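What follows is a set of notes on a single structure, which appears directly below.
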Amino acid sequence: MMMEVESFRVAVIDEEIDDLRQRLRLTRWPDQISGTGWDYGTDSDYLRELCAYWESEFDWRASEARLNQWPQFTTTIDGQRIHFIHARSKHEDARTILLIHGWPSTPLEFLKLFGPLTDPEAHGGTPADAFHVVAPSLPGYGWSGPTTATGWGASRVADAYTTLMAGLGYGKYGIHGPDWGTTIASIMARRHPERLLGLHLTLLTASNGPMNQPLNREPTEAELELKENHDAWAAAALGYIAIQATKPQTLAFALNDSPVGQASWIVEKLQSWTDCHGDLESTLTRDEILSSVSTYWFSGTGGSSARLYLETARTFDQQPTGYVSVPTAVCIFPAEHVLTTRELAEDYYNVQRWTIMPKGGHFASLEQPELVTQNLRAFFGELEQGQAG
C-alpha cells in the first residue's frame, strides 16, 4: 500500500508574525499577588520577560529553518491532514522508528534525535545504530491541525499512524513514545503486535490512567508510596486534564486569541515537568520554549490539541486493553510526574530493558537527547541480537 504525500515546508507569512508582535505589545496583563511566584500557576514576572523576548528578539525564521532542514510531508488519512517528518538514513538496511510526541509538544521535541539516529557515525555511533525516522504531528496539533471532525481520540490516532507507516512501506518498526506517545504506541502494540519491533517508553500509563495499580497481587510498600505521591500530585496538578477533557472549546477562545494566554498554558507545564529545579531556562533555551509555543500559535491549534483529551475520554471503550506482548524498554527519568516500578511495569508490558536515568524529565528527548539516543541504540541493538532481557 502506497500513499499520496506532498512535500511540506513551514513558511509562516510575514503578516502573521507582525500580528503576533502587535498582540504581544497590546497584552492586558493580569494581576498577581506579590511573592507567589509559580504557586498559583504561571509566574507573571517570568512570562512578561519571556514575552518581551518573543516580541522583540525571537527569530521565528531560524526556528523554521531548523525544522525545514529535515524532509517534511503531509498526507490525508481518514479525512484528516497529517504532517510528518520522514528522515531516512543513508543506510538502507537501517531499522525504522516512529517517534510519537505528546501534549503540549510537537515533533520539535525530537529535533535533537534526528541527526544521531539517521547518521550515527557523525554522532559517536556505528552504521549498526542507524534508524529511518518518522515523526508525525498528532492530529489537531501544529501542522497536522486543526482537526475537522469529532472522534479523533487516541484509538483513532493509533489507527491513522498504523496506516501512515504501512503507506510509507514499512512492514515492521519500533516506536518511541512519551506522554500521548505511550498511550498511542500501546494501542498499536495491542492491535498489531506483529508490525512492531519494540516499544521504547518514558512514561507508563495503564488503560485506566496512571499505572500505579498492580494486577492480581497486593502492592508493595514502594508501590503504595508511589501511589500516595501520585495522588497528592494529581490533586494539585491535573486541572488541565479536567478542562481539556470536558470543555476544550471554552479554553480555545483564549488560546487562539491571546499569544500570552497560549504561552502561559504551555510554559507552566514546561516549568513543572522538566528537570529544571524551578529554573526553566537552565534546562531549555528561550528559543526552544518559544519555537514550541509559536508552532501552536501560528497553526491555531491550542484548542484543537486540547480536544484530544475529550475525544479520548468519549471513545474510551474503543481502546484495547490487556497485556502488551511487544518487547518494551522503559526509561525512568527522575523528574517525570508519573513514576512506576519494574514490577508494576511487568504487570502490563513485556519489559525487556529497564533503565533509571540520572537526570531529565517529561520532555526527555529535548532535555536529555544523548541519554535517549544511547538507550534507543542499546535496546533495539539488543533485540536484534536476541540479548534483551
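Residue numbers count from 1 along this sequence. The structure presented is a predicted model; accordingly, all values stated were derived computationally and were not measured.
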Please tell me if the side chains of [X] and [Y] come closer than 4.5 Å, counting only heavy atoms from C-beta onward.
X: Pro104; Y: Phe363; answer: yes
X: Val134; Y: Ile85; answer: no
X: Thr340; Y: Ile332; answer: yes
X: Tyr173; Y: Ile97; answer: no
X: Trp38; Y: Tyr46; answer: yes
X: Pro327; Y: Leu199; answer: no
X: Thr74; Y: Ile82; answer: no
X: Phe253; Y: Leu255; answer: no

Inset, instruction - Take Phe73 and His83 through the test ring-ring contact (aromatic ring centres under 6.0 Å, His included) and record every step on the way to the result. - result: CA-CA 6 Å; Phe73 305 89; His83 159 263; 9.3 Å; no
[X] side chain to [Y] side chain, donor-acceptor N/O pair below 3.5 angstrom:
X: His132; Y: Ser89; value: no
X: Thr341; Y: Glu223; value: yes
X: Arg377; Y: Gln374; value: no
X: Thr118; Y: His91; value: no
X: Gln32; Y: Thr36; value: yes
X: Gln352; Y: Asn350; value: yes
X: Asp179; Y: His101; value: no
X: Gln72; Y: Asn68; value: yes

Give, for atom [atom1] of [X] and atom [atom2] of [Y], the distance between the pair rounded to the nearest 0.5 Å.
X: Gln271; Y: Leu47; atom1: CD; atom2: CG; answer: 12.0 Å
X: Tyr240; Y: Glu268; atom1: OH; atom2: CD; answer: 9.5 Å
X: Leu98; Y: Arg195; atom1: CG; atom2: CZ; answer: 12.5 Å
X: Met188; Y: Thr183; atom1: CE; atom2: OG1; answer: 13.0 Å
X: Ile187; Y: Thr162; atom1: CD1; atom2: OG1; answer: 9.5 Å
X: Ile175; Y: Ile184; atom1: CD1; atom2: CD1; answer: 9.5 Å

Between the side chain of [X] and the main-chain N/O of [Y], is any donor-acceptor distance below 3.5 Å?
X: Thr274; Y: Gly361; result: no
X: Thr182; Y: Leu203; result: yes
X: Glu55; Y: Arg21; result: no
X: Ser282; Y: Asp279; result: yes

Legend entry - Inter- and intrachain pairs under side-chain hydrogen bond (donor to acceptor under 3.5 Å, both in side chains), touching residues 294-306, at least two apart: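 Pairs touching residues 294-306 that pass the test: Trp54-Ser294, Thr147-Ser304, Ser299-Thr301, Ser304-Arg307.
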Legend entry - Steps toward side-chain hydrogen bond (donor to acceptor under 3.5 Å, both in side chains) verdict (Ser325, Tyr349): CA-CA 6 Å; Ser325 61; Tyr349 290 85; over 6 Å; no
Legend entry - Which residues share a side chain to side chain contact (heavy atoms under 4.5 Å, CB included) with Tyr53, sequence neighbours left out: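 Scan of Tyr53 (side chain to side chain contact (heavy atoms under 4.5 Å, CB included), adjacent residues dropped) gives Glu57, Phe58, Arg286, Asp287, Leu290.
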Inset, instruction - Give the intermediate values and the outcome of side chain to side chain contact (heavy atoms under 4.5 Å, CB included) for residues Thr246 and Leu310. - result: CA-CA 6 Å; Thr246 56; Leu310 180 144; 5.6 Å; no
Considering residues, nucleotides and ligands other than [X], do more than 12 of their heavy atoms fall under 6.0 Å from its [atom1]?
X: Arg48; atom1: CZ; answer: yes
X: Glu218; atom1: CD; answer: no
X: Asp317; atom1: CG; answer: yes
X: Tyr323; atom1: OH; answer: yes
X: Glu121; atom1: CD; answer: yes

Looking only at heavy atoms, which two atoms of [X] and [Y] are closest? And how far apart?
X: Tyr348; Y: Leu344; result: CD1-O, 3.2 Å
X: Ser155; Y: Pro320; result: OG-CD, 4.3 Å
X: Leu24; Y: Thr27; result: O-OG1, 2.9 Å
X: Glu16; Y: Phe298; result: O-CE2, 3.6 Å
X: Asn375; Y: His200; result: ND2-NE2, 3.1 Å
X: Pro248; Y: Gly303; result: CB-O, 4.5 Å

Inset, instruction - Go through the steps for Leu113 and Val133 under the test side chain to side chain contact (heavy atoms under 4.5 Å, CB included), then give the verdict. - result: CA-CA 9 Å; Leu113 302 183; Val133 175; over 6 Å; no
Legend entry - Residues Lys112 and Glu288 bridged, charged N to O under 4.0 Å: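 Here Lys112 pairs with Glu288 in a salt bridge, since their nearest N and O are under 4.0 Å apart.
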Legend entry - Arg95 charged N/C atom sitting above Phe131 aromatic ring, 6.0 Å / 45°: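 Ring-cation test returns yes.
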Legend entry - Residue pair Gln244, Trp265: steps toward the side-chain hydrogen bond (donor to acceptor under 3.5 Å, both in side chains) verdict: CA-CA 12 Å; Gln244 296 190 152; Trp265 194 242; 2.9 Å; yes
Legend entry - Partners passing salt bridge (charged side-chain N to carboxylate O under 4.0 Å, His left out) against Glu64 (at least two apart in sequence or in another chain):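 With neighbours one apart ignored, the set is Arg61.
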Inset, instruction - Begin with the C-alpha distance, continue with both residues' side-chain angles, and end with the deciding distance and a verdict on side chain to side chain contact (heavy atoms under 4.5 Å, CB included) for Trp60 and Leu20. - result: CA-CA 11 Å; Trp60 169 251; Leu20 166 64; over 6 Å; no
Inset, instruction - Check step by step if ring-ring contact (aromatic ring centres under 6.0 Å, His included) holds for Trp273 and Phe333. - result: CA-CA 11 Å; Trp273 295 351; Phe333 287 86; over 10 Å; no
Legend entry - Verdict with reasoning, His230 to Glu228, per side chain to side chain contact (heavy atoms under 4.5 Å, CB included): CA-CA 5 Å; His230 175 268; Glu228 183 178 341; over 6 Å; no
Inset, instruction - Could you label the plane-to-plane angle of the His176 and Phe110 rings as parallel, tilted or perpendicular, counting under 30° as parallel and over 60° as perpendicular? - result: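 Taking Phe110 first and then His176, their aromatic rings stand perpendicular (interplane angle over 60°).
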Legend entry - Worked check of ring-ring contact (aromatic ring centres under 6.0 Å, His included) between His86 and Tyr170: CA-CA 12 Å; His86 186 193; Tyr170 294 120; 5.6 Å; yes
